[in-house]
Amino acid sequence: MKTPPTLGYWTRRAIIGLEHGFYRSSAHVSRALGRQRKVMTPEIYRAFSFRDKVDVKGRVLAARTLPEPTEYDSWWTNGRRMIRRWLTSEEPGARVVVSIAGTVTETVSDDEGYFELELDAPSSADTIEVWLPTSENPEIITAPILRNDYEPSVVVISDVDDTVFLSNTAKLIGMIKTALLGNALTRQIFDGVPALYQILRTGPDGNGKNPISYVTSSPWNLHSLMERIFNHRGIPAGAYFMTDWGVSHDNWLKESNPVHKRRAILKIMRWFPDAPVVLLGDSSQHDPEIYLRIAQEHPGRIAAIAIRDVAVMPSPTEPIPDSIPYLLHKDTATARSFILGKLGWERGEVKAEKLKS
């Protein structure tokens with residue numbers, strides 16, 4: 001027997017209806033007055049290959065330009081630009097056309113402007129083309145396909161905040177200061193992270209293309225910032241799994257972190273069903289509980305779990321089975337030795353690094 005909808009559910013539906021009604025009314029008024037609508041553009045979040053397919057995720061937003069950051073930008077400049085990242089104007093119900101190697105597929109953006117497709121992708125295809133046929137001045141956007149090995153030697157799934165770079169997610173004031181007042185060039189990356197992720201990407205011989213995915217509760221509004229941080233610091237590109245912040249039919253602000261991370265991790269594991277999995281996270285946002293549960297549900301599939309101890313939440317109280325390769329660590333060097341040891345890559349470690357240099 002289904003549970004009847006709650007008052008909160010109907011309240012959220014009403015807010016969403018008012019928001020969409022406002023956007024539609026504004027568009028009608030603009031057309032009636034002869035004003036041109038805002039130019040919309042498809043923002044591509046990922047084009048990520050798995051086996052002979054590619055997962056395309058993006059969003060239809062009002063076109064905008066964000067200036068390139070510098071290390072000398074003031075806190076005021078950084079804060080103003082961060083606010084601009086949050087204030088996006090999306091286009092629900094927009095027609096979206098995606099082309100791969102001449103094969104064209106069409107879809108429609110959802111209520112928040114998002115779209116996602118899993119498409120056939122021949123190995124010869126290196127890029128996708130996306131455009132909005134009903135937009136004012138439609139422009140073709142080209143994005144690279146991130147190619148991964150058909151049968152990778154490992155699948156890497158990593159949290160971001162307080163795992164890759166310092167975010168202070170457990171301390172509200174520190175998190176706000178870090179998020180609002182810094183930029184892509186000033187974010188503090190943990191020592192050793194780029195080198196570890198590079199060797200996991202390339203494998204012990206330095207020639208692999210092992211898939212890396214970044215699963216975080218940060219909002220999609222910060223996607224371009226996160227990409228800039230990773231590119232600037234030499235962290236390998238990967239598939240981003242972020243969240244939508246705002247009122248939805250199911251949530252007031254955003255989906256819960258455990259639900260979001262679990263769904264994303266299981267999806268990635270289905271993409272690469274035969275490869276061992278390495279899970280990297282921290283102790284501030286339920287990563288240990290999420291990862292351990294998945295390891296118990298998929299015995300023998302998880303090669304290593306490495307949790308950065310940020311000393312804000314207690315370690316799991318229940319004893320961890322010996323069959324689960326779990327490490328709580330304070331520095332990346334310890335995690336690196338543990339992970340490479342579990343993968344049996346110790347002898348190939350130096351060779352891979354020399355090939356990258």
Side-chain angles (χ1 to χ4, degrees), residues 44-51 53-59 114 116-119 121 128 143-165 167 189-190 193-194 196-203 208-220 222-231 233-244 255 257-282 285-287 290-291 293-295 298 301-308 335 339 343:
I44 310 303
Y45 296 139
R46 64 176 179 259
F48 190 73
S49 79
F50 61 100
R51 303 215 166 192
K53 295 185 179 295
V54 61
D55 179 81
V56 178
K57 171 83 174 184
R59 195 179 192 186
Y114 296 101
E116 184 171 4
L117 295 164
E118 289 188 0
L119 304 172
I128 63 169
I145 296 175
L146 181 58
R147 282 291 175 185
N148 302 296
D149 289 337
Y150 191 91
E151 294 182 349
S153 56
V154 67
V155 172
V156 182
I157 303 174
S158 175
D159 179 46
V160 176
D161 295 303
D162 291 320
T163 300
V164 173
F165 52 66
S167 296
I189 302 291
F190 288 110
V193 165
L196 171 59
Y197 285 48
Q198 284 288 355
I199 192 173
L200 290 173
R201 168 66 173 169
T202 62
K209 293 181 180 178
N210 296 316
I212 298 182
S213 298
Y214 302 102
V215 181
T216 171
S217 59
S218 294
W220 285 111
L222 303 184
H223 173 264
S224 61
L225 172 65
M226 197 166 292
E227 273 198 325
R228 286 175 186 265
I229 294 172
F230 283 27
N231 291 338
R233 300 295 185 178
I235 299 172
Y240 293 90
F241 290 80
M242 307 178 77
T243 58
D244 178 50
E255 188 175 45
N257 192 42
V259 171
H260 162 65
K261 286 192 172 181
R262 174 180 170 80
R263 185 175 63 247
I265 292 169
L266 294 179
K267 181 174 186 174
I268 298 161
M269 290 173 65
R270 286 193 297 270
W271 283 348
F272 305 96
D274 302 319
V277 177
V278 168
L279 300 172
L280 299 107
D282 66 88
Q285 291 188 309
H286 307 288
D287 289 346
I290 299 167
Y291 293 176
R293 182 181 174 188
I294 289 175
H298 299 81
R301 184 74 197 278
I302 307 303
I305 297 174
I307 299 294
R308 186 180 299 278
I339 293 169
L343 292 173

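- Nearest heavy atom pair, residue S217 against residue N257, reads CB-OD1, 3.2 Å.
- Atom CZ of R228 sits about 8.0 Å away from atom CG of L225, to the nearest 0.5 Å.
- Contact between L146 and A239 at its shortest, heavy atoms only, is CD2-N, 4.4 Å.
- Distance check, rounded to the nearest 0.5 Å: CD1 of I268 to CD1 of I157 gives 4.0 Å.
- Remark: E227 does not engage R46 in a salt bridge, criterion side-chain N to carboxylate O under 4.0 Å.
- A pairwise comparison of heavy atoms in S49 and I145 identifies CB-CG2, 4.2 Å as the closest pair.
- By the 6.0 Å and 45° rule, R308 stacks over the aromatic ring of F190.
- Between I189 atom CD1 and I229 atom CD1 the span is 6.5 Å, to the nearest 0.5 Å.
- At distances below 3.5 Å, not a single donor-acceptor pair connects side-chain atoms of N148 with backbone N or O atoms of F50.
- Shortest non-hydrogen contact noted between D159 and G281 is CB-CA, 3.9 Å.
- Ion pairing of R270 with E118 is absent here, as no side-chain N (NZ or NE/NH1/NH2) approaches a carboxylate O to less than 4.0 Å.
- The shortest non-hydrogen separation linking P219 to M242 is O-CE, 3.1 Å.
- The line from CG of L196 to CD1 of I339 is 5.0 Å long, rounded to the nearest 0.5 Å.
- Panel note: side chain E151, backbone D274; no donor-acceptor pair is recorded below 3.5 Å.
- By the 4.5 Å heavy-atom criterion applied to side chains, T216 and M226 are counted as neighbours.
- Expressed to the nearest 0.5 Å, how far OH of Y214 lies from CG of L280 amounts to 9.5 Å.
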Worked check of side chain to side chain contact (heavy atoms under 4.5 Å, CB included) between H286 and K261: CA-CA 10 Å; H286 307 288; K261 286 192 172 181; over 6 Å; no
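- Using a distance-only test at 3.5 Å, with no hydrogens or angles considered, a donor-acceptor pair links the side chain of N210 to the main chain of S153.
- Between W220 and Y114, the ring planes are tilted. Angles from 30° to 60° get that label.
- In this pair, W271 and F48 present their aromatic rings tilted. The plane angle is within the 30 to 60° band.
- Between V164 and F230 the shortest side-chain heavy-atom distance falls below 4.5 Å.
- Panel note: side chain H260, backbone V215; no donor-acceptor pair is recorded below 3.5 Å.
- No more than 12 heavy atoms of other residues, nucleotides or ligands sit less than 6.0 Å from atom NZ of K209.
- Remark: the backbone N or O of A275 is paired with a side-chain donor or acceptor of R301 at under 3.5 angstrom.
- Atom CG of L279 and atom OG1 of T163 lie 11.0 Å apart (nearest 0.5 Å).
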